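First comes the structure, then the notes that go with it.
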Amino acid sequence: MTAPRPLSLHVPEPGCRPGDTPDFSDFEIPRAGAVRRPAIDEAPEDMRDMAFSVVRVLNKAGEAVGPWAGLLDAEALRKGLRHMMTLRQFDERMLKAQRQGKTSFYMQHLGEEAVSCAFRMALEDGDMHFPTYRQAGLLIAGGYPMTDMMNQIYSNAADPLKGRQLPVMYSARDHGFFTISGNLGTQFIQAVGWAMASAISNDTRIAAGWIGDGSTSESDFHAAMVFASSYKAPVILNIVNNQWAISTFQGMARGGAVTFAARGHGFGIPSIRVDGNDYLAVHAVASWAAERARSGLGPTLIEHVTYRAGGHSTSDDPSAYRSKEEFSAWPLGEPIDRLKRHLVTIGEWSEERHTQALAEITDEVRACQKQAEANGTLISGRKPSPRAMFDDVYAEMPPHLQRQRQEAGF
Amino acid sequence: MTAPRPLSLHVPEPGCRPGDTPDFSDFEIPRAGAVRRPAIDEAPEDMRDMAFSVVRVLNKAGEAVGPWAGLLDAEALRKGLRHMMTLRQFDERMLKAQRQGKTSFYMQHLGEEAVSCAFRMALEDGDMHFPTYRQAGLLIAGGYPMTDMMNQIYSNAADPLKGRQLPVMYSARDHGFFTISGNLGTQFIQAVGWAMASAISNDTRIAAGWIGDGSTSESDFHAAMVFASSYKAPVILNIVNNQWAISTFQGMARGGAVTFAARGHGFGIPSIRVDGNDYLAVHAVASWAAERARSGLGPTLIEHVTYRAGGHSTSDDPSAYRSKEEFSAWPLGEPIDRLKRHLVTIGEWSEERHTQALAEITDEVRACQKQAEANGTLISGRKPSPRAMFDDVYAEMPPHLQRQRQEAGF
Amino acid sequence: MIEAIRNAHDLAMERDKRVVVFGEDVGYFGGVFRCTAGLQKKYGSNRCFDAPISENGIVGAAVGMCAYGLKPVVEIQFADYMYPAYDQIVSEAARMRHRSAGQFTCPMVIRMPTGGGIFGGQTHSQSPEALFTHVAGLKVVVPSNPRDAKGLLLAAIEDPDPVIFLEPKRLYNGPFDGHHDRPVVSWKNHELGDVSEDYFTVPLGKAKIRREGSALTVLAYGTMVFVAQAAAEEAGVDAEIIDLRTLLPLDLETIEASVKKTGRCVIIHEATKTSGFGAELSAVVQESCFYHLEAPIVRVTGWDTPYPHAQEWTYFPGPERIKRAFAQVLEG
Amino acid sequence: MIEAIRNAHDLAMERDKRVVVFGEDVGYFGGVFRCTAGLQKKYGSNRCFDAPISENGIVGAAVGMCAYGLKPVVEIQFADYMYPAYDQIVSEAARMRHRSAGQFTCPMVIRMPTGGGIFGGQTHSQSPEALFTHVAGLKVVVPSNPRDAKGLLLAAIEDPDPVIFLEPKRLYNGPFDGHHDRPVVSWKNHELGDVSEDYFTVPLGKAKIRREGSALTVLAYGTMVFVAQAAAEEAGVDAEIIDLRTLLPLDLETIEASVKKTGRCVIIHEATKTSGFGAELSAVVQESCFYHLEAPIVRVTGWDTPYPHAQEWTYFPGPERIKRAFAQVLEG
Ligand SMILES: Cc1ncc(C[n+]2csc(CCOP(=O)(O)OP(=O)(O)O)c2C)c(N)n1
Ligand SMILES: Cc1ncc(C[n+]2csc(CCOP(=O)(O)OP(=O)(O)O)c2C)c(N)n1
Ligand SMILES: [Mg+2]
Ligand SMILES: [Mg+2]
């Protein structure tokens, strides 16, 4: 043996920083329709390939092709388009409201609208989502009132969460939307616990856990995988790989693995990678996973490949750490455009209808905003009661809190 | 779609509980010598098979066969045999000492001796191990004085850890043996951190992390995998699958995965499964992984397949949860027997020499014990100073601790 | 005490289908301390089962089960191993009701053996109660005897909020007066070891005066209750000994009444001193009884060191140290 | 204060090759608060680098690096996110020296922004210092101004033991008098914002009297120091204000001298009250100054609720509440 050479530390770096030219040429993307659709009871080992490819339905020409196509009729697709357009409008207005100082903070979905909007339509009412802060599409597609979302964002007198939570940390139990935590990852194992509870109770409802690419490094990701694997919980575990975790590119969390979906292989969990900017693909894969879960076949891991086109939050300026041109170079395009083109291609949509829909949605969002602002914003108007701060710490207020509330003057 | 059937919870159960007949027929074991030896720079994806097989060198006839054989000469093998026999003798005497009340607690290695003894000989002095409580072979094979181990077990006046730690929670920095934690799993990511530090410092030394099958469920296992994968740390990550975690069979932690080694596939970490009761196989696989690490090729995950033949600890009676016949049905045999047979087969050992070696070892262990007991035991003789309890909380004792020490009367 | 705890589980599971029990080794084996023995056999493995060795997984899954509508009772094998679950306890379980404005709640019980005195060394001896009492939204219970253990556990399971249930493992098999060199006694012949088989609860948030007295007030819980009693008998001090039973919410009323009566207060716990729960007790006693105090409040606690193996009886705040504290507070 | 912290890192890295800096977003980007800006560029990505989002991984790896012989300075993005690392901090870093009898040590610094007042809601506002002060083996530091931040951070990096370094994020950009409705001031024109570029340390374990006075003693740290000062000025109370700077080990000497002089004590912190660090302060003041106390010690703290978003100024122990406490303790 020769004397070993000195070691050195490998630190993963993105291919592109400000000033560099974005290059996604090493991102292998199969043609739409090219990836097979396994039987829902196919053995995880036999479908390993699904974690290294990308399920895609919409091709460049705007056609829906291949074995994952055909699940949704035009009506459903128009609805989906509307959900995504609504989410984007919602984001635009709330971003603006934040810049106007009407609230403290906001997080948008730009470029990722298909993921949560399409997924929600593949699940049933009664199923429970354990989301991150970047899945408001679950609420919008699920019919939750936008005004209530805004009331929460404004922390106003009508805020369902009584002003307690940071903007966008919604909770909507009746809409199958678990209370969002500011602590990354915690919800992933909770989703598995909910699913286990459903199985224990011989229910038919299933759960969906959500996590970002960066957050897969957290402990609770592992706990979720272990518990889901061991108890074959009826849960869909979604990784939203939007390429960035604040300033850190996805490669830092992914490490030597080729994809995030590959994580499932260590646990015998069927894992699929999907084009997250393709509404039809997300919907199809989610339906496949939901059927698996409902049939007692256990968990599925889905990696949604998408791109965070906006800043991490209103506190973030991405031009400090990534190229401004990256999104335009992003090879999976933009979800609203792509679904719109498809509907136009199949003769179920037109520029005129799109313009009109946009106008309607803009009106609708504006109307909701007006309604919400009538309940106050963070800086003006009606506010949630400060007294309410002492409620709900416990079901019944213990003596020490009663004393403190009194001391606070309420 | 038909109305879904009610779900139910899947709870993994071992094939065999007390009263059942052990059956390992679904444990697929390749013939010795049948598994290939990849090049050390083979891509993880190309060597996936290594995680689903078992590297074995010693066959039933006692011959060393196949591509992993041939690394050790007779002298080294006799040394290895002696290490394992010493560890077993050590265990026997310490178990007895615990039953005699000379200490509070003990944990033995019965059936697992090859794992730590062989591994240690594949690494260099200067490398650092982050062990669990079941790798005392690292110390014995590394030449650490048994008397000091016993001093620790007895918490006596000569205990290098001053009576502070539970028996067997050794620490031996100069012997590359990190201080054992009672908290499962924490050492796994620490091993990765040490390896990163070595790489940062352009050193040539490597680290080895150790964890039990059950403990792979802990968070720090995940952290270790993520960090090792991302920073390509020069570390060997060892999972000792001894089939049981106290009363819980390995299937609970493994879940839907076929093997523990498969965990590595989610991270792009080369993963090998090895017959942990085969001294030559463990040594060969460890050497392969060490060469990888030292060559800057990053981490390797090794699953050592073995069987915990004894109780979990002296506080445990395994007959309450597993069949007494399980060990005799265990298909990988017993490591000392197997190495002994090999040495006899190649004409380098004999029953007489074995008997004589055993007598020598018994004498040696007994002598160490006598020496250690001269320093006291937990219940009698010289004790570590109670005053020492206040030392080493900080490098310098802060005023509040000085006051407390004084209050305690020291 | 083990049988009382086992029995409480049994009754709760029988009464309420939503109660599920899981944790490391709690299923087939019935737990390393056997507190869940027989439950899997009786209720099936979908209501009592083993968990992977992942404390954050255990509590995280339990949070999800609560969101569904179950009432999980989980075991952490030793309190020393709760740290990996601490995020799920503090950031999730404790704040769920508040952050969701009551939409989601966490009616779970997290049981864990606590305290030393069994030669467990630093990782089988800890008393981390103060790490829970600082967390708004949790309740924290420490029983000192089998009868309370059963009644408090049943009350904890009924409770709509997350309850940390700390079981002093030194008391599992018998009361303990702090004299480790004397023969071990069992609960068999102890009044509080005689536990009815019926369903009953001991209310959370209510302390219990174990011994009336007028010379000084002792605030103690868990293992230290009997040790304090022994010290009082041995020293012949007319101590009023309050077994807190619930640390959060605290029964300040009982404490206040007693200290106002005696004018002197000794606080005892096994946990390390600095920022231990004794600090909070000292602060509230001082706040509510300042003008009645005739001497400084004294804390008798574990030292600010890890819990050592060989020196555990030097670490343990035993009868001698307590008696010295009595003398000090009576002199003061 | 950000520049002072950045500069401290820079000097420490320059001086000692063993110092490495990592954490979430600290590398190329320089941290979400920019406290590590420019370090990667200057020292290379093997001495300053991004970490995966795994707090237990960050601290666990740092423990291993310490075992090797490096001196890691790691950032937890917000103190609210330290819980996943709590096991590695408490069970490993804090006890390493003791359990290995000095063979292995953990000379690391764990930095984390703490406290509220920036509309961060319950997961960007917490003050978990009491969860560290209960842990033997840790040191806990909370600077209140740029000069101290730099000197204390350099002392922490030099220190041979693990130091928890809590940075009050409300002070990053300027001192804060507690009047959230007044214009924000910057450190530029503040004496303590004028920080020398040279290497200097402020010793751990030494408090600083920020304002001398004889009517009462205020114990405060971090954000609350300036708020207390403002309250004293506004109320015209001759308060002696002690900036603790290091909570563990505590500078009891300075505290004791002051309280013995004034006979009255107000303790202020932003963390929730029950079992907060104020409890320990109250206990030790009571223990050491009982016969000098003329009124009950008063704690002014955050309420025992999660830190709310909209009601953050109701939660925050601002000047009004502090002034009331002054009045109360002066009357008492
Ligand atoms: C436990 C924890 N650690 C750190 C943070 C701070 N933080 C908030 S978002 C974020 C990045 C998350 O990235 P990713 O998971 O990829 O989700 P994305 O924002 O891209 O949707 C970080 C580090 C946190 N909220 N919680
Ligand atoms: C964090 C933590 N949780 C639980 C325990 C209790 N415990 C000690 S050993 C053990 C089983 C470990 O099994 P495994 O990892 O397979 O190792 P083995 O004992 O078989 O070598 C358990 C649950 C612990 N020590 N630490
Ligand atoms: Mg992301
Ligand atoms: Mg095991």
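If you're wondering where the values come from, they're calculated on a predicted model, not measured in any experiment.
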Using a 3.5 Å cut-off and no angle test, enumerate the donor-acceptor pairs between side-chain atoms of residues 322-332 of chain C and protein atoms at least two apart in sequence or in another chain.
residue	atom	partner	partner atom	Å
C:Lys323	NZ	C:Glu234	OE1	2.8
C:Lys323	NZ	C:Glu320	OE2	3.2
C:Arg324	NH1	B:Glu407	O	3.3

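Here the OG1 atom belonging to B:Thr248 is positioned 6.5 Å from the CD1 atom belonging to C:Ile53, to the nearest 0.5 angstrom.
In terms of non-hydrogen atom pairs under 4.5 Å with chain C, the most contact-rich of B:Ser315, B:Ala408, B:Gly255, B:Gly185 is B:Ala408.
Contacts of residues 28-44 of chain C with chain B at a heavy-atom distance below 4.5 Å involve C:Tyr28, C:Phe29, C:Val32, C:Gln40, listed in sequence order. Residues from residues 267-275 of chain C that place a non-hydrogen atom less than 4.5 Å from a non-hydrogen atom of chain B comprise C:Lys273, C:Thr274, given in numerical order.
Judged purely by atom type and a 3.5 angstrom limit, C:Gln311 has no side-chain atom pairing as donor or acceptor with the backbone of B:Pro384. Put simply, the side chain of B:Gln404 gets close to the backbone of C:Asp304: a donor and an acceptor are under 3.5 Å apart.
When the side chain to side chain contact (heavy atoms under 4.5 Å, CB included) test is applied to C:Ala93, the partners found at least two apart in sequence or on another chain are C:Val63, C:Cys106, C:Met108, C:Pro162.
Proximity to chain C is limited to the backbone of B:Ser385, based on heavy atoms less than 4.5 angstrom apart. Both the backbone and the side chain of C:Asp25 come within contact range of chain B, each with at least one heavy atom under 4.5 Å from a heavy atom of that chain. With a threshold of 4.5 angstrom between heavy atoms, B:Leu166 approaches chain C through its backbone and through its side chain. Using a 4.5 Å cut-off between heavy atoms, B:His312 makes no contact with chain C at all. The contact between C:Tyr315 and chain B is made by backbone and side chain atoms together, counting heavy-atom distances below 4.5 Å.
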### Message
For B:Glu218 and C:Glu55: C-alpha separation, side-chain torsions, deciding distance, then whether side-chain contact (heavy atoms from CB on, under 4.5 Å) applies.
### Response
CA-CA 7 Å; B:Glu218 286 286 7; C:Glu55 290 76 14; 2.6 Å; yes

### Task
Please report the C-alpha distance between B:Leu184 and C:Tyr81 in whole Å, then the side-chain angles of each, then the deciding distance to 0.1 Å, and finally whether the side-chain contact (heavy atoms from CB on, under 4.5 Å) criterion is met.
CA-CA 8 Å; B:Leu184 295 172; C:Tyr81 306 141; over 6 Å; no

### side-chain contact (heavy atoms from CB on, under 4.5 Å) evaluation trace for B:Val11 with C:Asp50
CA-CA 8 Å; B:Val11 179; C:Asp50 287 337; 5.9 Å; no

